[in-house]
2 protein chains.
Amino acid sequence: MAYAPASHRRTSEDRQQEIVEVVLALAAERGVEAITTALIAERMGLTQGAVFRHFPNKEAIWSAVLDWLKLRLGALFERVEARPVDELERIFLGYMAFIHAYPAMPRLVFSDTFHHAYPALHTQVRDMVAGCEVHFRSLIEEATTEGEAIPGRSAAAATLLLASIQGLAFQSAILNLVDDPRLRGPQLFALWRSCLSR
Amino acid sequence: MAYAPASHRRTSEDRQQEIVEVVLALAAERGVEAITTALIAERMGLTQGAVFRHFPNKEAIWSAVLDWLKLRLGALFERVEARPVDELERIFLGYMAFIHAYPAMPRLVFSDTFHHAYPALHTQVRDMVAGCEVHFRSLIEEATTEGEAIPGRSAAAATLLLASIQGLAFQSAILNLVDDPRLRGPQLFALWRSCLSR
DNA sequence: GCAGATAGTAATTGATTACTTACTTGTATG
DNA sequence: CATACAAGTAAGTAATCAATTACTATCTGC
């Protein structure tokens, strides 16, 4: 009777992907806090209860969103440039572009609420960030062996690079203090690079 | 009958200060999300309704907490060192100490929830951060005129310094990835400084 | 074409939480 | 000492929201 037409009926797999997309869009538009199962359903043209046909609970939704983000961000870390410093610049600029395209990511990652509500997801995020720093450090050490960076600075340099990414993400996605982080990227990376080799 | 003894009765001014302290402690222990008026009251040995004798609503509580943080952080920006780079180092290390002492600050400031729920407070935080960057930049320009920094880098250098503070605050207060940011401070500042003067 | 299985609805539930209201007690002051 | 006010209680309210339940329509494989 008041049922949606047949075309509205999709597989659970499709709906799961759709929910992830809707959550990313809603987080970008209205923030992480605003995301309720009712709002997700409304965006999809479904009723609130239908959401729970595709995910057992809200934590599972966040987990799927996190998986999606990890997949996308993970692609950024596949080696492209031969020279390690070029590779670091590519990743840095890629991060800026990602933050710009998906403000939901920093908003989710910076959400204290999120980390307290879902300890398992908190651990995932922490491991992701820690892994990123390790990757930076190994690239910097590679640069050191090639004579492009002076020795003994790789740990601090990796921390500085990672922290500056996070700080810019905060200023962009949370504070709306910088409209497009991509514009700041090249200048900032150049400055960071100057403290590597001198 | 079940009333608290006379000693428990205090002035509203005292209670306001007490509520701010309790909120800071609760945010440090259990995160920003966990803070409810019932929990605040419990910590003070009062009933939940009593909280609203001292603040008209929850936004006013957050506003008072923010005022307290601004007062404390503001003190950090009073000029102490003669040489601008020393002054920058003092502020940087002071920030690390503040983050360590009051994890509630980054948790509040990074909270997307907070910024969406209270636009007026969001603006205050944004202005605080923007002001901090301006202050950094003017100190760096001062260093430039004294020949301690090469020209044309003040804006990027200020952004890099501020962003690295914010990134470390995130790693410390949200991710629990670094136990004591004060230990990382000197090394990071030294690295940042090296890119000022080349 | 029929028998599951599955995606959907509609309504409800139970927990949480900011805020209110009516009343009570302590305290300072003239 | 009386009294007015300020700080507190106790109970309740209205709204929100994740999750459940009982039922229904649609698709798919045999």
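Keep in mind the model is a prediction, meaning the values are calculated, not measured.
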Round to the nearest Å and state the distance from [X] atom [atom1] to [N] atom [atom2].
| X | N | atom1 | atom2 | value |
| --- | --- | --- | --- | --- |
| A:Gln16 | C:dG8 | CD | C1' | 15 Å |
| A:Lys58 | C:dT16 | NZ | C1' | 14 Å |
| A:Glu42 | C:dG8 | CD | P | 16 Å |
| A:Phe55 | C:dT6 | CZ | P | 17 Å |
| A:Glu13 | C:dA7 | CD | P | 10 Å |
| B:Glu18 | D:dA7 | CD | P | 13 Å |

- Task: Check if the side chain of B:Gln48 and the base of C:dC19 share a donor-acceptor pair of N or O atoms closer than 3.5 Å.
- Result: yes

- Think A:His54 has a side-chain N or O under 4.0 angstrom from the OP1 or OP2 of C:dG8? yes

- Residue-phosphate contact under 4.0 Å: B:Arg53 side-chain N/O, D:dT9 OP1/OP2: no

- Hey, are A:Glu18 and A:Arg10 close enough for a salt bridge, meaning a charged N less than 4.0 Å from a carboxylate O? yes

- Query: Is a salt bridge present between A:Glu29 and A:Arg43, judged by a nitrogen-to-oxygen distance below 4.0 Å?
  - Reply: yes

Could you list the residues that satisfy ring-ring contact (aromatic ring centres under 6.0 Å, His included) with [X], not counting sequence neighbours?
| X | result |
| --- | --- |
| A:His116 | none |
| B:Phe136 | none |
| B:Tyr102 | B:Trp68, B:Phe98 |

- Note on the structure: The nucleotide from D:dA19, C:dG8, C:dC19 with an atom nearest the side chain of B:Asn57 is C:dC19

- Of the nucleotides D:dG8, D:dA19, C:dG8, which has the atom closest to the B:Leu46 side chain? D:dG8

- Identify, residue by residue, the members of residues 31-41 of chain B with a heavy atom below 4.0 Å from DNA chain C, and return them in order of residue number, or none. B:Ile35, B:Thr36, B:Thr37

- Name all residues meeting the side chain to side chain donor-acceptor pair (under 3.5 Å) criterion together with B:Ser154; count only those two or more places apart in sequence or in a different chain, and write none if there are none. B:Glu141

- Upstream residue (5' side of DNA chain D) when A:Phe52 and B:Ala50 are each assigned their closest nucleotide: B:Ala50

- Task: Apply ring-ring contact (aromatic ring centres under 6.0 Å, His included) to B:Phe114 and B:His122, showing your working.
- Result: CA-CA 7 Å; B:Phe114 177 79; B:His122 163 76; 8.9 Å; no

Could you pull out the protein-nucleic contacts involving nucleotides 1-6 of chain D (nitrogen or oxygen on both sides, under 3.5 Å)?
| residue | atom | partner | partner atom | Å |
| --- | --- | --- | --- | --- |
| D:dA6 | N3 | B:Arg9 | NH2 | 2.6 |

- Message: Closer than 3.5 angstrom, by distance alone: can the side chain of B:Trp192 be matched with the main-chain N or O of B:Ala157 as a donor-acceptor pair?
- Response: yes

- Ring centre gap for A:Phe170 and B:Phe170 strictly below 6.0 Å: no

